[in-house]
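In what follows, chains are A, B, ... by sequence order, proteins preceding strands, each numbered from 1.
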Amino acid sequence: MFRPTFSTASARLLTVLVLATPLSVRAAEQTFDFKDPKGVNNATFKLDAPLETITGSANGVSGTLTIDRDQPAATKGTIVIAAPSLHVENAAMKEHLHGKDWIDSKTHPEIKFTVTGLSDFKMDGDTATATVAGTFSLKGTEKPVAVPAKVTLLPGMLAKRTNGKMEGDLLVIRSTFTIKRSDYGINPAAPTDKVADEIEISLAIAGASPKK
Amino acid sequence: MRRALRFLALLIAIATIAWWAAAGAPWGWSKNSVAVKTLDDITGIEQITYENRFVPGVDTLAIGGAAAVVLAGLSFAFRPARRSRNWVRR
C-alpha cells in the first residue's frame, strides 16, 4: 500500500495552495461578454434639431467588461458597436449616415467605449448606479467621457436565457449620455437647425458570464 | 383632354393625402423600414428589429402634390373643346 512520505504530502499541500490562492484572490472578479447572438443588445441615438429629429439604432454590440464586486472602481473593459450596424428608417438618410462626411463606417467600422473605472458607486440589492469613466472613440477621434449608468446583476439567469444550455450570470447595463458630433468630426458643416450637434446615445446591453 | 388631366390631378392629390393620412400623417421623411420593439423578458431590454415597409412622409406628400399641380398646369395647354358650328345651326 502506498503511504505518502512527508515530502509527497508537502508537495501536494503546496500544489493545492498554489492553485487555490489565485482563485480566492480573483473570486469576486467576473468577466461579462456582451456579444449577443439574440441581437437584443442595442444602442439608440437621437439628434433633436429644431427642424428635424433623427433617430436610429445599432445592434452590433460586442466587447467584455471585467467587474470586481469587492472593488467596483477597478471595473475595466471595452464595449464595441459595429458602425455598419447603425440604422435609420429612411434609406437615403442611412446611405448618407454611413458616408465619408458623416460616420464613415467603412474607414471606421468600430465605435468604442473603453471603460477605465467607476465612481459614485451606489449599490441597492443587485442593482447599482455609478459614473463610468473611460474614453469614447468614434470616427477615429477619442475623447474622455464620464457617463451615468445603471448596472443590474442577474445571478443565475444565463441558464434561463439559453434554455439551460449554459449556466452563469447576466449583467444588464443601461446608460444615456450625450456627445457632440462636432467633437468627433461628424459633418461639422451641417446646419444645426436641421441636424443637432448633440447626439443622445442610449445603451441597453446585457453581458453573459458563463460558469466555468 | 383638359378635363381628363384635371381629373387625374385631383385623383393624385386626394390619393396622396389619403395615403399619408392613413399612415398617421407623419411630419418626418418617408420611411423604408419601421422599427419593431419587443421586450426581452429576462433582461428587460427592448429589442429593436426593422420591418421592411414603406411609410409615406412629407416628401411623398410633396411629390404627390407637385405631380397634381404639374398635371393641372398641363391641362391649360389644351384648348377647351368648342361646340362645332354645324351643331349650333341645327
Side-chain angles (χ1 to χ4, degrees), chain A residues 32 34 36-49 51-61 85-96 126-127 150-163 169-175 194 202-208, chain B residues 5-6 8-75:
Chain A
F32 291 86
F34 288 83
D36 171 27
K38 285 191 167 185
V40 174
N41 287 349
N42 67 75
T44 59
F45 58 92
K46 184 179 180 182
L47 293 88
D48 197 6
L51 294 177
E52 197 177 340
T53 302
I54 301 165
T55 56
S57 70
N59 63 0
V61 179
S85 74
L86 290 171
H87 186 93
V88 286
E89 291 170 317
N90 181 284
M93 200 182 277
K94 185 179 174 181
E95 202 181 316
H96 289 160
D126 281 331
T127 301
K150 188 179 167 189
V151 183
T152 308
L153 180 68
L154 302 171
M157 292 299 267
L158 182 59
K160 203 173 174 186
R161 204 179 195 208
T162 57
N163 296 324
D169 303 335
L170 290 175
L171 187 79
V172 180
I173 300 176
R174 291 169 192 279
S175 178
K194 285 182 183 170
S202 291
L203 270 181
I205 54 175
Chain B
L5 281 173
R6 285 180 187 177
L8 194 63
L10 185 68
L11 200 71
I12 287 172
I14 290 171
T16 309
I17 292 168
W19 188 25
W20 176 73
W27 287 105
W29 299 113
S30 298
K31 294 173 182 177
N32 305 82
S33 59
V34 179
V36 180
K37 292 179 180 179
T38 44
L39 190 74
D40 181 68
D41 52 0
I42 295 165
T43 59
I45 295 173
E46 269 191 338
Q47 181 177 16
I48 305 168
T49 51
Y50 290 91
E51 199 174 82
N52 285 333
R53 182 155 52 92
F54 187 81
V55 178
V58 286
D59 49 337
T60 308
L61 195 66
I63 290 167
V69 167
V70 167
L71 284 177
L74 204 62
S75 72

Do I45(B) and N42(A) pass the side-chain contact (heavy atoms from CB on, under 4.5 Å) test, and can you show the C-alpha distance, the side-chain angles, and the key distance before you say yes or no?
CA-CA 9 Å; I45(B) 295 173; N42(A) 67 75; 3.8 Å; yes

Could you go through T43(B) and R161(A), starting from their C-alpha distance and side-chain angles, then the distance that decides it, and tell me whether this counts as side-chain contact (heavy atoms from CB on, under 4.5 Å)?
CA-CA 9 Å; T43(B) 59; R161(A) 204 179 195 208; 3.9 Å; yes

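Contacts between T44(A) and chain B at a heavy-atom distance below 4.5 Å involve the side chain alone, from C-beta outward. Proximity to chain B (any heavy atom under 4.5 Å) is shown, for L171(A), by neither the backbone nor the side chain.
The line from CH2 of W27(B) to OG1 of T53(A) is 14.5 Å long, rounded to the nearest 0.5 Å. Considering NZ of K37(B) and OG of S57(A), their distance stands at 8.5 Å, rounded to 0.5 Å.
Remark: side-chain polar atoms of D40(B) are not paired, donor with acceptor, to backbone N or O of V40(A) under 3.5 angstrom.
By the neighbour-count criterion of 12 heavy atoms within 6.0 Å, atom CH2 of W29(B) is sparsely surrounded, having that number or fewer from other residues, nucleotides or ligands.
When each of H87(A), K94(A), E89(A) is checked for a side chain to side chain donor-acceptor pair (under 3.5 Å) with S33(B), only H87(A) meets the rule.
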